[in-house]
Structure formats: structure tokens, C-alpha cells
Amino acid sequence: MRIGIDAGGTLIKIVYEENGLHFKRIEYNEAEQAMNWLKTLAPSADYVLTGGKAAILKEAFFPEAAIIPEFTATCEGALHLIKEAGHPHKRLLLVNIGTGTSWYKIEDGKHERILGSGVGGGTFMGLGRIFTGKADHQRLAGLAAEGNREKADLLVSDIYGDRSWLPSTAGQNKRVKDVEAPIDGKLTAGNFANITGEPSEEDLMAAAANMIAETTVLLTKGAADIHHSEKIYYIGSSLQGNEILKKGLLTYSRMTGLDAAFLPNGEYSGALGAYLSS
């Protein structure tokens with residue numbers, strides 16, 4: 001029996017086979033209990049580890065385990081999932097939104113990390129702690145889904161035609177035609193640049209999710225154009241339960257002409273790659 005474990009910056013992801021593949025993720029505060037459960041479940045299993053905390057996990061629980069590079073594991077696992085889903089493409093761009101975000105060019109089965117950003121799930125969690133004092137990902141994602149980011153973000157439409165700053169006796173002639181915005185008015189002119197009152201926790205978290213989505217897609221668009229990518233797959237544990245982030249990623253991808261989708265079980269790509277390694 002082989003068990004693949006991805007010890008990431010925020011979560012531990014596990015892939016193992018027991019009458020079919022099983023996918024499991026756990027918080028680090030549950031790590032000791034979960035690792036002991038694994039050792040009881042499969043005392044003679046071959047453990048293959050990957051991720052930033054793989055060496056720590058090996059020392060603490062699995063001294064005989066093998067460790068494989070995180071980037072290799074992620075791409076190999078994702079390629080397996082893409083093949084299983086029946087979506088072959090010659091030139092892919094894999095965008096892994098974890099604590100930060102990594103971009104991988106995949107062409108003819110070969111993969112290369114081409115870009116990285118510190119903006120990702122860690123940004124969402126960090127801003128969430130600042131804005132709300134909470135540190136639970138699902139709770140923060142729930143708040144974001146209920147918020148209105150326009151109460152925190154300055155939109156392009158807020159700049160063009162806005163007369164609110166003028167004295168009541170000046171410049172209020174409605175017959176004067178507003179200058180048309182050169183881009184979609186719903187796009188962000190300034191993240192968190194429209195905080196004039198007391199935005200709610202929900203509004204602030206919605207703005208945080210939108211900032212991550214916009215930033216990710218802008219970098220994805222540049223990478224896709226340079227490398228002539230035919231298809232974009234977004235993966236990563238930060239997407240789980242964060243519907244507003246996923247909606248933003250798809251909305252902005254379509255606006256920029258990207259053919260993008262979410263890869264089912266994509267957050268387990270690293271653990272799956274470790275499981276599949278020879």
C-alpha cells in the first residue's frame with residue numbers, strides 16, 4: 001500500500017487507495033491524531049511525502065518515507081487528473097492557488113514552473129484575521145460570499161461621471177454627457193480605495209477575494225499569452241468552499257479571453273503526484 005501526503009503551508013492533503021482512491025485533508029492542529037491513524041490503518045505502507053513541511057512530517061512520523069519535489073508532484077498529479085477527466089491539451093497552464101500562487105507551463109507532458117506570486121490563500125487568511133479576527137477559512141469564505149465589495153473597492157465607474165465631490169451649485173448639469181470609461185466600469189480602479197464609512201466584515205472579505213481573483217487572472221493572462229496556452233486549470237486548497245473567489249476567477253478569465261476551468265480534486269494534485277511516483 002502506498003500513501004501520498006502533501007504537507008503544504010496551510011493544510012495536509014492525503015491520497016491513499018482502499019477499494020478506490022480516497023482524498024482527505026486535515027488541519028495542522030489535527031496532524032498528530034491523523035498521522036497516528038494512518039500508521040494504524042497501514043503500518044507497512046510506503047509513504048511518499050511532498051510539500052514545504054514534508055521534511056518535518058518525515059522526522060516526526062515517517063522516518064522511512066521518501067520525499068519528492070513539490071513542483072514535480074503537483075504537475076504529475078494534475079496531469080493524471082486531467083487525463084482522467086478526458087481533457088487532453090498540448091499546451092496547458094496550471095495555476096495552483098495555495099498559500100501563495102504558482103504557475104506551471106505544461107507542454108507535451110513536460111512541466112516547468114514559470115511564475116510565482118505571494119498573493120494567494122495566505123493573503124485571504126491574513127487579511128481575514130486583520131479584518132475580522134477570525135482564522136477559519138470556511139468562515140471567512142462564508143463572510144466573503146455575503147459581502148458587497150463595492151463598499152470597499154473603488155470601481156472604474158466610480159471615477160467616470162462622479163459629481164458627488166462638487167459643491168451643490170457647481171457642475172451638476174445633467175445635460176453634460178459624462179466621459180465614457182475606456183474599460184468595463186465594474187473593474188477595480190483601486191482595491192480598498194472606497195472606504196469612506198464603516199464597511200462590514202462581509203464587504204471587506206468580498207473585496208479581499210476579488211483582489212486575489214483579479215491579480216491571479218492578470219498574471220495568468222500574461223503567462224498564457226507568452227506561452228500560447230490553450231487551456232487554463234485553476235487548482236489549490238484555497239478554492240475549497242470559496243465560491244466568490246472561484247466566481248471571480250472565472251468571470252475575469254472570460255473577460256480576458258481565457259479558456260479556464262477548475263480541475264476536480266485539483267487541491268490533491270501534490271498528494272496524488274506523490275502517491276503515483278515510482
Side-chain angles (χ1 to χ4, degrees), residues 1-85 87-88 92-114 116 120-122 137 233-240 262-278:
M1 185 176 183
R2 171 169 290 185
I3 297 176
I5 302 177
D6 178 8
T10 307
L11 295 169
I12 298 174
K13 281 81 68 178
I14 304 168
V15 173
Y16 64 96
E17 185 171 6
E18 187 180 33
N19 298 320
L21 281 182
H22 292 260
F23 302 90
K24 186 178 180 65
R25 60 180 180 151
I26 60 172
E27 306 277 350
Y28 275 99
N29 58 11
E30 305 169 320
E32 183 175 4
Q33 180 182 356
M35 296 305 105
N36 288 331
W37 166 77
L38 274 178
K39 292 167 72 174
T40 301
L41 173 72
S44 59
D46 291 329
Y47 290 90
V48 183
L49 313 179
T50 192
K53 292 185 172 67
I56 298 172
L57 212 63
K58 173 183 172 74
E59 180 182 1
F61 299 103
F62 309 109
E64 303 300 321
I67 295 178
I68 67 171
E70 176 184 357
F71 299 160
T72 299
T74 298
C75 291
E76 292 296 334
L79 280 169
H80 180 83
L81 291 171
I82 292 167
K83 182 179 178 180
E84 289 293 303
H87 299 303
L92 301 170
L93 194 62
L94 187 67
V95 185
N96 185 17
I97 309 172
T99 302
T101 303
S102 289
W103 285 257
Y104 301 92
K105 177 184 73 170
I106 301 178
E107 187 169 351
D108 295 326
K110 298 179 181 179
H111 46 78
E112 176 188 0
R113 185 177 185 269
I114 57 172
H137 180 266
Y233 283 107
Y234 293 114
I235 64 172
S237 55
S238 299
L239 301 175
Q240 295 309 296
F262 301 109
L263 188 59
N265 290 320
E267 70 272 25
Y268 295 100
S269 293
L272 180 60
Y275 168 83
L276 294 170
S277 66
S278 56

* Structure fact -> Ala73 and Ala274 have their tightest heavy-atom pair at CB-N, 4.1 Å
* To do: Any chance you could measure Tyr234, atom OH, to Ile97, atom CD1, to the nearest 0.5 Å?
  => 7.0 Å
* Euclidean distance, Asp6 CG relative to Ile12 CD1, rounded to 0.5 Å ->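 One gets 9.5 Å once the value is rounded to the nearest 0.5 Å.
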* Asked: With sequence neighbours left out, what residues match Tyr268 under ring-ring contact (aromatic ring centres under 6.0 Å, His included)?
  ->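 Expected list: Phe23.
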* Asked: Can you tell me how far the CD1 atom of Ile235 sits from the CG atom of Leu81, to the nearest 0.5 Å?
  -> 8.5 Å
* **Under the side chain to side chain contact (heavy atoms under 4.5 Å, CB included) test, residues paired with Ala85 that sit two or more places apart** =>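 Residues passing side chain to side chain contact (heavy atoms under 4.5 Å, CB included) with Ala85: His87.
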* Once you round to the nearest 0.5 Å, how far does OG of Ser102 lie from CG of Asn96? -> 6.0 Å
* Looking at NZ of Lys13 and CG of Asn265, how far apart are the two atoms once the value is rounded to the nearest 0.5 Å? -> 13.0 Å
* **Partner residues of Ala34 under the side chain to side chain contact (heavy atoms under 4.5 Å, CB included) criterion, sequence neighbours left out** =>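 Ala34 satisfies side chain to side chain contact (heavy atoms under 4.5 Å, CB included) with Ile26 once adjacent residues are dropped.
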* Please round to the nearest 0.5 Å and tell me the distance separating atom OG of Ser237 and atom NE2 of His137. => 7.0 Å
* **Closest heavy-atom pair and its distance - Ala54, Ala7** =>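 Heavy-atom minimum between the residues: N-CB, 3.9 Å.
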* Asked: With no hydrogens and no angle check, is any side-chain donor or acceptor of Thr50 less than 3.5 Å from a backbone partner on Ile68?
  ->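 Side chain of Thr50 to backbone of Ile68, a donor-acceptor pair under 3.5 Å: yes, one is there.
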* To do: Report yes if the side chains of Val15 and Ile5 come closer than 4.5 Å at any heavy-atom pair, otherwise no.
  =>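 Val15 does not reach Ile5 side chain to side chain.
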* Counterpart residues, side chain to side chain contact (heavy atoms under 4.5 Å, CB included), relative to Ala55 (two or more places apart) ->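 Result, side chain to side chain contact (heavy atoms under 4.5 Å, CB included) vs Ala55: Ile67.
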* Pair listing, salt bridge (Lys or Arg N to Asp or Glu O under 4.0 Å) test, anchored in residues 105-114, at least two apart ->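 Every salt bridge (Lys or Arg N to Asp or Glu O under 4.0 Å) pair that includes a residue of residues 105-114, provided the two are not neighbours, is Lys105-Glu112.
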* List the atom of Ser238, the atom of Gly121, and the distance in Å for their closest heavy-atom pair. => OG-CA, 3.0 Å
* Asked: In chain order, what residues pass the ring-ring contact (aromatic ring centres under 6.0 Å, His included) check against Phe61, with sequence neighbours excluded?
  ->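 For Phe61 there are no ring-ring contact (aromatic ring centres under 6.0 Å, His included) partners, ignoring immediate neighbours.
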* Any Asp46 side-chain heavy atom under 4.5 Å of Ile3 side chain ->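 The answer is no, as the side chains (C-beta and beyond) never meet within the 4.5 Å cut-off.
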* Pairwise side chain to side chain donor-acceptor pair (under 3.5 Å) hits with a residue in residues 67-83, at least two apart -> Glu76-His111
* To do: May I ask you to test the Ile114-Tyr104 pair for a side-chain heavy-atom distance under 4.5 Å?
  => no
* Could you give all pairs that pass the side chain to side chain donor-acceptor pair (under 3.5 Å) test and reach residues 15-41, with sequence neighbours left out? ->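 Applying side chain to side chain donor-acceptor pair (under 3.5 Å) to every pair that reaches into residues 15-41, excluding sequence neighbours, yields Glu17-Tyr275.
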* **Sequence neighbours excluded, every pair satisfying side chain to side chain donor-acceptor pair (under 3.5 Å) that has a member inside residues 51-64** => none
* Asked: In a check of side chain to side chain contact (heavy atoms under 4.5 Å, CB included) between Leu79 and each of Ile106, Leu94, Leu272, which one passes?
  -> Ile106
* **Minimum heavy-atom distance between Tyr47 and Leu38, given as atom pair plus value** =>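 So the minimum-distance heavy-atom pair works out to OH-O, 3.1 Å.
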* Aromatic centroids of Phe262 and Tyr233 separated by under 6.0 Å -> no
